[in-house]
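Input: a single structure, listed below in structure tokens.
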Amino acid sequence: MKRNTMENKIEELLELLENDSRIQDLKKRKEKLLKNKTFLESMTKLQNLDIYSDEYTKLKQKLFKNQDFIEFKHLENEINLLILEMNQRLKKLTNERWCSHENH
């Protein structure tokens, strides 16, 4: 019985997350960024540069002038923090014993 309840709660949580405005906005911004060829070319180039080079620094500064990218990174950080918190709570819940006889 508890397992079914837990599965239902997880499904509810996933639905809430899927409908969360931050996640919706993140998806829209990602889609927009992926359609931007100049942005994609810059990202690809950035991945192949030495992180200590001037070219890397300049390109990264250029990328962070893109408002969609800034907002995407901000949302990504918010969501990652939310996931971290959820994982901590889930760990706490799963470490608890479910059967009352196990606690004695």
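- Contact of the L33 side chain with the N66 side chain is registered, since non-hydrogen atoms from C-beta on lie closer than 4.5 Å.
- For the atom pair CG (D20) and CG (D25), the distance works out to 10.0 Å, reported to the nearest 0.5 Å.
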### Query
What do the steps show when you test T44 against N48 for side-chain contact (heavy atoms from CB on, under 4.5 Å), and what is the final call?
CA-CA 7 Å; T44 301; N48 296 318; 4.1 Å; yes
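- Within the 4.5 Å cutoff, the side chain of K60 has no heavy atoms near those of the I51 side chain.
- Proximity of L40 to N36: side-chain heavy atoms (C-beta onward) are nowhere separated by under 4.5 Å.
- Distance check, rounded to the nearest 0.5 Å: NZ of K28 to OG of S21 gives 9.5 Å.
- Expressed to the nearest 0.5 Å, how far CG of L26 lies from NE2 of H74 amounts to 11.0 Å.
- Under the 4.5 Å side-chain contact rule for hydrophobic residues, I83 and L90 do not share a cluster.
- Judged purely by atom type and a 3.5 angstrom limit, S53 has no side-chain atom pairing as donor or acceptor with the backbone of L49.
- Counting heavy atoms from C-beta outward, L14 and E18 have side chains that stay 4.5 Å or more apart.
- Sorted by first and then second residue, the pairs that involve residues 46-59 and meet salt bridge (Lys or Arg N to Asp or Glu O under 4.0 Å), not counting sequence neighbours, are K45-E55.
- Identified under the salt bridge (Lys or Arg N to Asp or Glu O under 4.0 Å) test for residues 75-87, with sequence neighbours left out: R22-E78, K73-E76, E85-R89.
- Atom CZ of F39 sits about 10.5 Å away from atom NZ of K62, to the nearest 0.5 Å.
- Here the CD1 atom belonging to I79 is positioned 9.0 Å from the CG atom belonging to L17, to the nearest 0.5 angstrom.
- Both F64 and F72 belong to a common hydrophobic cluster when Ile, Leu, Val, Met, Phe, Trp and Tyr are linked at side-chain heavy-atom distances under 4.5 angstrom.
- Side-chain contact between L34 and K30 is present, with heavy atoms from C-beta onward closer than 4.5 Å.
- Rounded to the nearest 0.5 Å, atoms CG (L59) and CG (L46) are 5.0 Å apart.
- For K35, the salt bridge (charged side-chain N to carboxylate O under 4.0 Å, His left out) partners at least two apart in sequence or on another chain are E31.
- Cluster annotation: L82 is not connected to L84 through the hydrophobic network of ILVMFWY side chains, with a link wherever side-chain heavy atoms come within less than 4.5 Å.
- Side chain of N19 to backbone of E15: a donor-acceptor contact under 3.5 angstrom is found.
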